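Data first, discussion second: the structure below is written as structure tokens.
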Amino acid sequence: MPQLITPTPRLHASWLEAGAELEPGDHQDGGGLWLAPEPGLAAPEDFAAWVRLLREQSDHTRPLPEGRVHATHWWIVEGDTYLGAIDLRHELNDFLLRAGGHIGYNVRPSARRRGLATWALGAVLAEARVFGLDRVLLTCSDGNTPSARTIERNGGVLEDVRETELGLKRRYWIEL
């Protein structure tokens, strides 16, 4: 049975296995990889440091780099198997309002088509209410039919489809 958990260094090997399933250049929305050190996360100490940064990003007492917002990160897991990630951005800046939204998520290729993204999004919508949000914006690429279905299954109402710096995006609002 899947769970949402706080990121943990304990799942390093499974996280690396999930990454190996991706095609080069695939984006892992909701994963917080912008916080990852160079050259990567193969070393356990680098992975543990990155996990610490993911956890700290939700702390409003900590300053963030220009253009970033506080966010809470969860991993989708079954036992000790990393299946994906989802994050809730606590507010929208101009970029997120145009192209990124409040919530980002991804599921590893071998765990897709099981309803995990739909389930995880529903769980995080409940968390968004706790944060005091009354509606959230979600976006997906115009051609990403599975993600559009995930958003729509959770009550997403299409506002528009627009060209953004990330390409053509479908923009949905969900009332909480």
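Heavy-atom basis, side chains included; hydrogens, waters and symmetry copies ignored. Source: prediction; values computed, not measured.
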Could you go through the side-chain contact (heavy atoms from CB on, under 4.5 Å) check for Leu83 and Glu78 one step at a time? CA-CA 7 Å; Leu83 302 175; Glu78 275 183 337; 3.7 Å; yes
Can you tell me how far [atom2] of [Y] sits from [atom1] of [X], rounded to the nearest 0.5 angstrom?
{"X": "Arg98", "Y": "Arg171", "atom1": "CZ", "atom2": "CZ", "value": "10.0 Å"}
{"X": "Arg153", "Y": "Leu121", "atom1": "CZ", "atom2": "CG", "value": "11.5 Å"}
{"X": "Trp119", "Y": "Arg114", "atom1": "CH2", "atom2": "CZ", "value": "10.5 Å"}
{"X": "Ile86", "Y": "Leu116", "atom1": "CD1", "atom2": "CG", "value": "11.0 Å"}
{"X": "Ile103", "Y": "Ile174", "atom1": "CD1", "atom2": "CD1", "value": "6.5 Å"}
{"X": "Trp74", "Y": "Leu88", "atom1": "CH2", "atom2": "CG", "value": "5.0 Å"}

In this structure, would [X] and [Y] fall into the same cluster of hydrophobic residues linked by side-chain contacts under 4.5 Å?
{"X": "Trp50", "Y": "Ile5", "answer": "yes"}
{"X": "Val136", "Y": "Leu96", "answer": "no"}
{"X": "Leu92", "Y": "Phe131", "answer": "no"}
{"X": "Leu54", "Y": "Leu16", "answer": "yes"}
{"X": "Phe95", "Y": "Leu137", "answer": "yes"}

Expected output: side-chain [X] to main-chain [Y] donor-acceptor under 3.5 Å:
{"X": "Thr81", "Y": "Val77", "value": "no"}
{"X": "Ser14", "Y": "Tyr82", "value": "yes"}
{"X": "Asp160", "Y": "Arg162", "value": "no"}
{"X": "Arg112", "Y": "Val107", "value": "yes"}

Please determine if Arg10 and Asp80 form a salt bridge, counting it only when a charged side-chain N lies under 4.0 Å from a carboxylate O. yes
Kindly give the cluster partners of Leu22, where membership spreads through any ILVMFWY side chain lying under 4.5 Å from a current member. none
Who pairs with His73 by ring pair (Phe, Tyr, Trp, His ring centres under 6.0 Å), at least two apart in sequence or on another chain? none
Full working for side-chain contact (heavy atoms from CB on, under 4.5 Å) between Gln57 and Arg62: CA-CA 8 Å; Gln57 195 184 8; Arg62 294 185 172 276; over 6 Å; no
Non-hydrogen atoms of [X] and [Y] that approach each other most closely:
{"X": "Leu4", "Y": "Ala123", "result": "CD1-CB, 3.6 Å"}
{"X": "Val69", "Y": "Leu64", "result": "C-CD1, 3.1 Å"}
{"X": "Phe47", "Y": "Leu11", "result": "CE2-C, 4.4 Å"}
{"X": "Arg89", "Y": "Ala71", "result": "CA-CB, 3.9 Å"}
{"X": "Ser58", "Y": "His70", "result": "C-CD2, 4.3 Å"}
{"X": "Gly30", "Y": "Ala85", "result": "O-CB, 3.8 Å"}

Do other residues, nucleotides or ligands put more than 12 heavy atoms under 6.0 Å from Asp94 CG? no
Atom CD of Gln3: over 12 foreign heavy atoms under 6.0 Å: no
If the test is side chain to side chain contact (heavy atoms under 4.5 Å, CB included), which one of Leu138, Leu133, Asp87, Leu97 qualifies with His102? Leu133
Are [X] and [Y] packed together at the side-chain level, in the sense that at least one heavy-atom pair is separated by less than 4.5 angstrom?
{"X": "His90", "Y": "Thr72", "result": "yes"}
{"X": "Lys169", "Y": "Glu163", "result": "no"}
{"X": "Ser141", "Y": "Leu168", "result": "no"}
{"X": "Thr139", "Y": "Arg170", "result": "no"}
{"X": "Val161", "Y": "Asp142", "result": "yes"}

Please list, chain by chain and in numerical order, all residues satisfying side chain to side chain donor-acceptor pair (under 3.5 Å) with Tyr105, sequence neighbours excluded. Ser147
Test salt bridge (charged side-chain N to carboxylate O under 4.0 Å, His left out) on Asp59 and Arg52 and set out the steps. CA-CA 11 Å; Asp59 182 351; Arg52 186 174 54 255; over 6 Å; no
Using only heavy-atom distances, determine whether the side chains of Glu159 and Tyr172 contain a donor-acceptor pair under 3.5 Å. no
